[in-house]
2 protein chains.
Amino acid sequence: MTQPRWLDQTEMAAWRAFLTTSHLLERRIEEQLKATAGLTHPQYEILVRLAAAPGRRLRMTELAEGVVASKSALTYQVGRLEEAGLVERTTCPDDDRGVLAVLTPAGAELLEKVAPGHLEIVREYLIDRLSREELRAMTSAMRKTEAALRSG
Amino acid sequence: MTQPRWLDQTEMAAWRAFLTTSHLLERRIEEQLKATAGLTHPQYEILVRLAAAPGRRLRMTELAEGVVASKSALTYQVGRLEEAGLVERTTCPDDDRGVLAVLTPAGAELLEKVAPGHLEIVREYLIDRLSREELRAMTSAMRKTEAALRSG
DNA sequence: CGATGGTTGTTCAGATTTGAACGGCAACTC
DNA sequence: GAGTTGCCGTTCAAATCTGAACAACCATCG
């Protein structure tokens, strides 16, 4: 029977600002990617993760955890990217259950073309507006929450 | 022909932490609300906004801006909430085009019942893990971005 | 008043997400 | 090595979101 602990004014302001801003920024990014490259944000993030992975390939499950998507959502999006020739599927040599998503040269090329415009948005609306101190504090805060959510 | 400005390591870490954490937290909140009240997060946010509004009512457009949803998504969700008896629709007295979404007593009651559990999650994973300084910095950062996105 | 342009909310088709159920394979035990 | 348990990715139906098109209404101006 713990007492409900409401958020005080400062805490609530922080939470509402975070919630609203993350949605607004998501919307802006989606708009930019769709206009520039015909990609959704989840699709772009898949390409980014693959590009950064050794051999430009990742197991579906790892990829899903990386981009924070459900297994079925990832299956769907990798299917779209495969149709577009940006990603290929290979069966995992070590584990016949597994599937490796592999970035194709065309995928890598598209990513290189699109990334600058995407990062420009991230800069324009978020990074460039923050002081070094705010940047540091935000990273620290986000990592604490991420760690807590990943472990649960 | 501006040179592409990549993010340095610190900046990229901040962005990735923000992106990942906002998705993880969203997922956790969705899970909690669905299990506790059968509500989606967007639906919960609609109830919150209405509860805080004068007369517990808001124009559809204002509501859509408040919760950061598209017009059609709001139409859909208000429809669900109306079916559940948590919200009612009234034509706006001032403007025959307008529709007022009004929180019903049942909606207010459900919100009071659900809010503590929801806020407990927000505390557990975000607010309570942040120092006062981090909280302040995050609010400041989010507000700058929000202002920039709202004005554009 | 009548015309024009902008706003409001809904509708619709198509795209995407969700979560449960499933078949196939791996790992471990006895 | 047969049995059991669990993981892997996909499939499916249902729910939700998106963006364009639309009808109804407001506001302004001549």
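Just so it is clear: chains get the letters A, B, ... in the order the sequence lines come, proteins before strands, and each one is counted from 1.
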Determine whether B/Ile46 and B/Gln77 make a side-chain contact, defined as any pair of heavy atoms from C-beta on separated by less than 4.5 Å. yes

Within a 6.0 Å radius of atom CD on A/Gln9, are there more than 12 heavy atoms belonging to other residues, nucleotides or ligands? no

For B/Gln77 and D/dC17, is the shortest distance between a side-chain N/O and OP1 or OP2 below 4.0 Å? yes

Taking for each residue the nucleotide of DNA chain D bearing the nearest heavy atom, is the 5' side occupied by B/Asp96 or by B/Ala69? B/Ala69

Pick base, sugar-phosphate or nothing for B/Arg89, based on heavy-atom distances below 4.0 Å to the nucleic acid. sugar-phosphate

Output the rounded distance in Å from OH (A/Tyr76) to C1' (C/dA20). 20 Å

Could you tell me whether the side chain of B/Arg97 has a donor or acceptor atom within less than 3.5 Å of a complementary atom in the base of D/dC26? no

Between A/Arg80 (CZ) and D/dT10 (P), how many Å, whole number? 12 Å

B/Asp94 CG to D/dA27 C1', in whole Å, measures 15 Å

Could you tell me if the side chain of A/Glu11 sits less than 4.5 Å from the side chain of B/Thr139, heavy atoms only? no

Measure NE2/B/His41 against C1'/C/dT17 and give the value in whole Å, please. 17 Å

If you find the nucleotide of DNA chain C closest to B/Val99 and the one closest to A/Ser70, which residue's nucleotide is nearer the 5' end? B/Val99

Between B/Lys34 and A/Met60, whichever has its closest DNA chain D nucleotide further toward 5' is A/Met60

From CG of B/Asp95 across to P of C/dG6 the rounded distance in Å is 17 Å

Under 3.5 Å, is there a donor-acceptor pair between the A/His41 and A/Glu26 side chains? yes

Taking CG from B/Leu74 and C1' from D/dG19, how many angstroms apart are they, rounded to a whole number? 16 Å

Measure the distance from NZ on B/Lys71 to C1' on D/dG19 and round it to the nearest whole Å. 10 Å

Of the nucleotides D/dT11, D/dT18, D/dC8, which has the atom closest to the A/Arg59 side chain? D/dC8

Please find the pair of heavy atoms, one from B/Arg49 and one from B/Gly66, that lie closest to each other, and give the distance. NH2-O, 3.1 Å

CD of B/Glu31 versus P of C/dA20: gap in Å, rounded? 10 Å

Using a 4.0 Å heavy-atom cut-off, does B/Glu30 contact any base of the nucleic acid, only the sugar-phosphate backbone, or nothing at all? nothing

